Structure formats: C-alpha cells, structure tokens
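Predicted model, so just to flag it, every value in this text is computed and none were measured.
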Amino acid sequence: QVHLAESGGGLVQAGESLRLSCTASERTFTSAVMAWFRRAPGPEREFVAAQRLSGGATYYADSVKGRFTISSENAKNTVYLQMDSLKPEDTGVYYCAAGARATLREITYAHWGQGTQVTVSS
C-alpha cells in the first residue's frame, strides 16, 4: 500500500534545529495516523510523535514535548517533524510510520520508511 521515504536528517550541534520530511508514494495517505519513531543505539524504536490525519490531533513523547512539532500536508502526502533545541540524546535514526491508530507501539504501524540519520553533537 503506502510506501514512505524520509529526508532532512543531518549533523547538528546541541541547541540547533532540523526539519524532517516523510513523503508517501500514493497520491493520498491510506492510513489514518502518521508517526515518527527513532532508534538510538540499541535494538528498539522509540515513539517520538504522531498525528491523526483527520482532525489533526497530535501526540508527543514527554522527552520531546515543547521542542518537536509534527505536522502534515495531506495534499502533498507529506508529514514533517520540526525539531528545535536538539540535544545529544535526540541522536538516532528517525523513521516515519503509518497506521490505523495513534499508539506508542511500533507493532501497530503497518508501514515504515527506511529512516534518516540525526546526529546531535555536544
């Protein structure tokens, strides 16, 4: 169904900003929710943020509240993650995901991008 591709990662210093983008291959999203996860050194992905495409409700991990903002443009089949005041702890591979529900569990999302690297230096 939907295929996702992330972009916008890079290397920044602590306190700087990045904006990630995720574009779906289809003309419109086929899932109700888009989300961002990240994989720090370790085996598991960590929930970062999610947005319901209908209504626009957003959800954030406590660690990024007030610093990250998720948004989407359905006409462009694109979801964004604006990351401000980045910290070294934010370093990791960031993945966008699509699913039917807004949850914090990666297993509930059916579609995943391949990820984009974000590195924040001290």
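- Side-chain N/O atoms of Thr78 and Thr23 include a donor and acceptor closer than 3.5 Å.
- Electrostatic pairing of Asp62 and Lys65 counts as a salt bridge here, judged by a charged N lying under 4.0 Å from a carboxylate O.
- In terms of modelled atom types and a separation under 3.5 Å, the side chain of Ser25 and the main chain of His3 share a donor-acceptor contact.
- Taken from OG in Ser72 to CE in Met34, the straight-line distance is 8.0 Å, to the nearest 0.5 Å.
- In this structure a side-chain-to-backbone donor-acceptor pair under 3.5 Å is present from Tyr60 to Ile70.
- With hydrogens and angles disregarded, a donor-acceptor distance shorter than 3.5 Å links the side chain of Tyr109 to the backbone of Thr103.
- Counting only N and O atoms by type, the side chains of Gln117 and Thr119 include a donor and acceptor under 3.5 Å apart.
- Following chains of ILVMFWY side-chain contacts shorter than 4.5 Å, one can reach Val33 starting from Tyr59, so the two form part of one hydrophobic cluster.
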Give every donor-acceptor pair under 3.5 Å between a side-chain atom in residues 9-20 and any protein atom, sequence neighbours left out.
from: Glu16; atom 1: OE1; to: Gln13; atom 2: N; distance (Å): 3.1
from: Ser17; atom 1: OG; to: Asp84; atom 2: OD1; distance (Å): 2.8

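- With hydrophobic clusters built from ILVMFWY side chains whose heavy atoms lie under 4.5 angstrom apart, Met83 does not share a cluster with Phe37.
- Heavy-atom contacts from other residues, nucleotides or ligands closer than 6.0 Å to CZ of Arg39 number more than 12.
- Leu81 and Leu104 are members of different hydrophobic clusters when ILVMFWY side chains are connected at heavy-atom separations under 4.5 Å.
- Contact check for Val93 versus Tyr95: side-chain heavy atoms found under the 4.5 Å cut-off.
- In this structure, Glu6 contributes its side chain and Gln114 its backbone to a donor-acceptor pair below 3.5 Å.
- The CG atom of Leu4 lies 12.5 Å from the OG atom of Ser21; values are rounded to the nearest 0.5 Å.
- For the atom pair Lys87 NZ and Ser63 OG, the distance stands at 8.0 Å (nearest 0.5 Å).
- If you check the side chains of Tyr80 and Glu73, you find a donor sitting under 3.5 Å from an acceptor.
- Looking only at side-chain heavy atoms (C-beta outward), Glu106 and Trp112 come within less than 4.5 Å of each other.
- Ring geometry, Tyr94 versus Phe68: the interplanar angle falls from 30° to 60°, so the pair is classed tilted.
- The closest side-chain heavy-atom distance from Val64 to Arg38 is below 4.5 Å.
- When side chains are defined from C-beta on, Ser7 does not count as touching Thr116, because their heavy atoms never get closer than 4.5 Å.
- Counting only residues at least two apart or in different chains, disulfide (SG to SG under 2.5 Å) contacts with residues 47-77 are absent.
- Residues Ala32 and Ala100 come closest through the heavy atom pair CB-O, 3.7 Å.
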